[in-house]
Protein chains: 2
Amino acid sequence: MSTRQRRRVTIADVARQAGVSTTAVSKVLRSAYGVSPATRDRVRAAIDELGYRPRAAARGMRGRTYTIGVLLPDLRNPFFPDILDGLYEQLAATDYQAIIVTGGPDAKAESRAIDALVDRQVDGLLMVAPRVARARLEEVAGQVPSVVLGLHEKSARYDTVLDDDEVGAELVVRHLIGLGHRRVAHIGRRAVGREIRAATYARVMREHGLEEEVAVAMTSCSEEGGHEGARELPARSPCPTAIFAGADQAAFGALRALHEAGLAVPADVSPAGYDNTRLAALSQISLTSVDQDGAVMGRTAGRLLLERVEGRTTAVRFLVTPALVPRRSTAPPPDDVN
Amino acid sequence: MSTRQRRRVTIADVARQAGVSTTAVSKVLRSAYGVSPATRDRVRAAIDELGYRPRAAARGMRGRTYTIGVLLPDLRNPFFPDILDGLYEQLAATDYQAIIVTGGPDAKAESRAIDALVDRQVDGLLMVAPRVARARLEEVAGQVPSVVLGLHEKSARYDTVLDDDEVGAELVVRHLIGLGHRRVAHIGRRAVGREIRAATYARVMREHGLEEEVAVAMTSCSEEGGHEGARELPARSPCPTAIFAGADQAAFGALRALHEAGLAVPADVSPAGYDNTRLAALSQISLTSVDQDGAVMGRTAGRLLLERVEGRTTAVRFLVTPALVPRRSTAPPPDDVN
DNA sequence: GAACGCGTGGGTAACGTTACCCAAATCGGC
DNA sequence: GCCGATTTGGGTAACGTTACCCACGCGTTC
């Protein structure tokens with residue numbers, strides 16, 4: 001039925017073919033110091049001829065695996081591919097390969113996912129908007145060079161790449177208030193001590209004398225989370241006329257909830273998102289959002305990881321400034337607003 | 001600055017702690033035959049006490065890595081998370097961990113991504129809609145237990161999980177023709193010998209005496225691909241009144257192109273997609289689509305992979321029957337159609 | 001009571017690669 | 001032409017786990 005599974009070509013086969021030692025081959029593989037151009041070429045030729053490929057497992061036993069682990073909260077958020085585009089671009093010229101793992105529904109599952117990457121001895125770890133406790137991040141960063149994306153907590157153990165959420169949130173809330181809205185609600189991600197967008201929302205509302213109108217639903221940044229968060233709003237009396245969702249994905253869920261409640265956008269309610277994903281730009285949706293450059297963030301994260309793999313131990317913090325992208329989903333509130 | 005990096009706990013440490021041999025510990029780890037319940041409990045206790053975690057690299061040297069590799073064409077297609085939900089569900093009860101890799105823009109990059117997974121010695125490989133040649137798939141399947149999702153090619157070396165594209169495409173095209181459309185265009189994925197949906201589209205058109213109206217744009221199933229494919233359509237004379245896109249994601253791109261051309265949906269043009277992603281259901285988009293149960297496909301793929309890892313070598317083919325989900329994006333063509 | 005089978009557990013040799021160290025050859029400077 | 005430095009290449013011992021085989025003790029069967 002199945003053809004015989006020939007033993008995989010090893011470094012020893014290459015060495016024999018090229019008439020050199022395994023050490024020499026290993027040096028060529030790692031572009032290490034101590035091989036003449038002539039030997040290098042002979043080894044390269046032997047590698048091509050035999051179709052040799054190094055085994056990551058064997059490499060991992062002694063040295064590097066040439067693998068970068070990426071932890072994503074989920075695969076549905078359309079903002080993450082932007083980040084990964086940047087990361088891939090940065091890794092393209094290197095021997096490193098990114099592998100992705102999703103964190104799952106809670107901090108415990110996410111912690112297991114991180115473990116899975118550490119067990120596989122990734123050389124570097126990019127954790128996107130993790131929900132595990134800060135102590136856990138520090139612990140992981142003590143084992144593997146790490147970069148955390150999207151969290152404001154500072155650390156000396158890992159690098160941080162993030163968007164200035166305070167600026168971004170302020171832009172949205174001011175935009176909505178500027179349009180004449182007073183009953184602005186917020187849907188955000190439940191994350192103890194990490195709710196910068198929610199806190200900023202509340203602050204800006206207060207600064208405009210709207211502390212009475214503050215209404216927050218903390219769920220998750222998924223489509224379901226946004227749906228759930230927005231579903232209760234129409235039931236309120238009076239119903240908010242604007243919604244600031246902490247992520248486009250959540251805003252999509254809110255759009256669905258609004259439609260189910262028979263509310264028109266933006267005639268009855270003006271929703272806004274965050275991340276400026278490509279779908280937000282889709283004319284049928286045309287969602288006001290906050291642009292943070294995911295590709296730049298991913299590229300930077302990749303660069304920082306490579307630097308750490310090469311030995312840097314000082315912590316770096318890279319901050320991106322967001323910009324408001326107003327679209328048709330936000331407009332002045334209805335006239336009959338009381 | 002950084003705390004000392006203690007040597008990671010190994011199986012020998014656990015053995016010492018539990019007062020048994022490393023062999024015994026290894027057996028417990030793999031739930032292998034030959035350990036008494038008493039020994040098992042002692043070993044488990046030692047593992048917990050020391051916080052031991054097996055290293056995948058070392059395991060890979062001799063046995064399994066407990067890793068399932070997943071190859072996705074890209075991360076933006078919202079259908080893929082449905083598949084992965086199913087896969088994760090199937091793997092949840094096992095010790096296996098899924099890692100995701102993206103294939104990149106062309107077959108060559110995709111082939112490298114597959115290599116990366118093979119190099120990392122995944123125990124099983126799920127390739128979603130791969131674009132590499134069939135011979136390459138066979139070669140890979142000779143090295144690693146493999147399941148291919150979404151390709152109609154039969155093979156004795158790997159299992160296949162797929163949707164009945166012929167049924168699905170026929171449903172859409174008949175739906176559009178049934179609404180009164182005659183100038184139905186198709187946007188599909190360029191894939192030599194694999195364009196089942198395109199071929200079915202052409203067949204159904206012929207069966208309705210519309211062979212003159214067949215218009216196909218083969219690009220990629222990305223949003224950009226759909227945009228590009230649909231952009232040329234308005235320029236045609238006469239312009240198609242309906243578009244069957246081979247994927248929702250491509251349909252989203254088409255929606256954008258239609259809007260840019262000032263064409264209304266569905267008043268001027270009726271687009272339809274495939275996959276019935278959650279976004280298609282969003283009221284602002286309300287895209288007619290074909291539902292194929294991604295979760296079931298992913299779950300099945302996972303089950304088949306586990307079976308193959310356990311030793312099955314006969315090939316299995318799992319076919320899902322799709323269903324049409326009509327929504328507001330498709331309606332009868334405008335009256336002034338000539 | 002010897003032979004046998006079975007359930008447990010251990011000893012050991014791999015697996016493929018790299019880090020470390022050492023040897024030989026070559027080079028450059030006086 | 002000699003000495004030290006540098007460049008090149010090899011030998012070998014890990015790395016942590018599992019596959020394989022063997023030993024022991026106990027119960028069961030002729």
Side-chain angles (χ1 to χ4, degrees), chain A residues 5-44 46-47 50-67 95 118-123 143 309 311, chain B residues 5-44 46-47 50-67 95 118-123 143 309 311:
Chain A
Q5 199 134 327
R6 262 201 315 281
R7 188 180 59 84
R8 196 173 159 133
V9 178
T10 73
I11 208 172
D13 300 320
V14 176
R16 205 173 308 118
Q17 172 86 9
V20 297
S21 71
T22 58
T23 301
V25 178
S26 177
K27 283 179 182 171
V28 172
L29 289 173
R30 293 173 289 126
S31 313
Y33 176 83
V35 270
S36 63
T39 305
R40 178 159 32 77
D41 292 345
R42 277 232 306 291
V43 170
R44 290 247 170 88
I47 288 173
L50 299 176
Y52 166 79
R53 292 192 57 86
R55 285 221 213 179
R59 297 184 121 177
M61 293 291 290
R62 294 291 292 169
R64 303 182 179 172
T65 56
Y66 296 91
T67 308
D95 287 333
V118 174
D119 295 344
R120 279 155 189 81
Q121 285 187 252
V122 292
D123 296 325
Q143 300 178 72
V309 169
Chain B
Q5 198 134 325
R6 263 201 312 281
R7 189 179 58 83
R8 198 173 157 133
V9 178
T10 74
I11 207 172
D13 300 321
V14 176
R16 205 172 308 119
Q17 172 85 8
V20 297
S21 70
T22 59
T23 301
V25 177
S26 177
K27 282 179 181 169
V28 173
L29 289 174
R30 293 172 290 127
S31 315
Y33 175 83
V35 270
S36 63
T39 305
R40 178 159 34 75
D41 292 345
R42 275 232 307 291
V43 171
R44 291 246 170 88
I47 288 174
L50 299 177
Y52 166 78
R53 293 193 57 86
R55 284 222 212 179
R59 296 184 123 179
M61 293 292 289
R62 294 292 292 169
R64 303 181 180 175
T65 56
Y66 296 92
T67 307
D95 287 332
V118 174
D119 295 343
R120 280 157 189 79
Q121 284 187 252
V122 292
D123 296 325
Q143 300 178 73
V309 170

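All heavy atoms count here, side chains included; hydrogens, waters and symmetry mates do not. A, B, ... follow the sequence lines: proteins, then strands. Residue 1 opens every chain.
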Starting at [atom1] of [X] and ending at [atom2] of [N], how long is that distance when rounded to a whole Å?
| X | N | atom1 | atom2 | result |
| --- | --- | --- | --- | --- |
| A:Y52 | C:dG16 | OH | C1' | 7 Å |
| A:Q121 | C:dT17 | CD | C1' | 12 Å |
| A:R16 | C:dG16 | CZ | P | 12 Å |
| B:R64 | D:dG16 | CZ | C1' | 18 Å |
| A:R59 | C:dT18 | CZ | P | 5 Å |
| A:M61 | D:dA13 | CE | P | 16 Å |
| B:D13 | D:dC15 | CG | P | 11 Å |
| B:R42 | C:dT8 | CZ | P | 14 Å |

[atom1]-[atom2] distance between [X] and [Y], expressed to the nearest 0.5 angstrom:
| X | Y | atom1 | atom2 | result |
| --- | --- | --- | --- | --- |
| A:M61 | A:R55 | CE | CZ | 12.5 Å |
| A:Q121 | A:R59 | CD | CZ | 13.0 Å |
| B:D123 | B:R64 | CG | CZ | 6.5 Å |

Please state whether the phosphate of [N], meaning OP1 or OP2, lies under 4.0 angstrom from any side-chain nitrogen or oxygen of [X].
| X | N | answer |
| --- | --- | --- |
| B:T23 | D:dT18 | no |
| A:R55 | C:dT17 | no |
| B:S21 | C:dG10 | yes |
| B:T39 | C:dG9 | yes |
| B:Y33 | D:dC20 | no |

**Q.** ring pair (Phe, Tyr, Trp, His ring centres under 6.0 Å) against B:Y66, all qualifying residues, sequence neighbours excluded
**A.** B:Y96

Q.
Reading 5' to 3' and counting Watson-Crick or G-U wobble pairs with both distances under 3.5 Å, write the dot-bracket notation for DNA chain D, | for bases paired outside the strand.
A. ||||||||||||||||||||||||||||||

Q: Check every strand shown and say whether A:R30 touches a base, only sugar-phosphate, or nothing at a heavy-atom separation below 4.0 Å.
A: sugar-phosphate

Q) Within the structure shown, what part of the strands sits under 4.0 Å from B:V20 by heavy-atom distance: base, sugar-phosphate, or nothing? A) sugar-phosphate

Q. Is any N or O donor-acceptor pair between the side chain of B:T22 and the base of C:dG10 shorter than 3.5 Å?
A. no

Q) What string of B, S and - do you get for nucleotides 22-28 of chain D, 5' to 3', when a contact is any protein heavy atom under 4.0 Å? A) -------

Backbone N or O of [Y] within a donor-acceptor pair of the [X] side chain at under 3.5 Å?
| X | Y | answer |
| --- | --- | --- |
| B:R42 | B:A18 | yes |
| B:T67 | B:T65 | yes |
| A:R40 | A:K27 | no |

Q. Of the nucleotides C:dG16, D:dT8, D:dT17, which one has an atom closest to the side chain of A:S36?
A. D:dT8

**Q.** Minimum-distance nucleotide to A:A24 side chain [options: D:dT18, D:dG10, C:dT18]
**A.** D:dG10

Q | 5' priority, DNA chain C, between A:K27 and A:A12 [closest heavy atom] | A | A:A12

Q.
Within the structure provided, determine whether A:R8 and A:D13 are in side-chain contact (heavy-atom separation under 4.5 Å).
A. no

Q.
Quick one, B:L29 and B:I47 - any side-chain contact, counting heavy atoms below 4.5 Å?
A. yes

Q | Nearest non-hydrogen partners of B:L50 and B:V9, listed with the distance | A | O-CG2, 3.6 Å

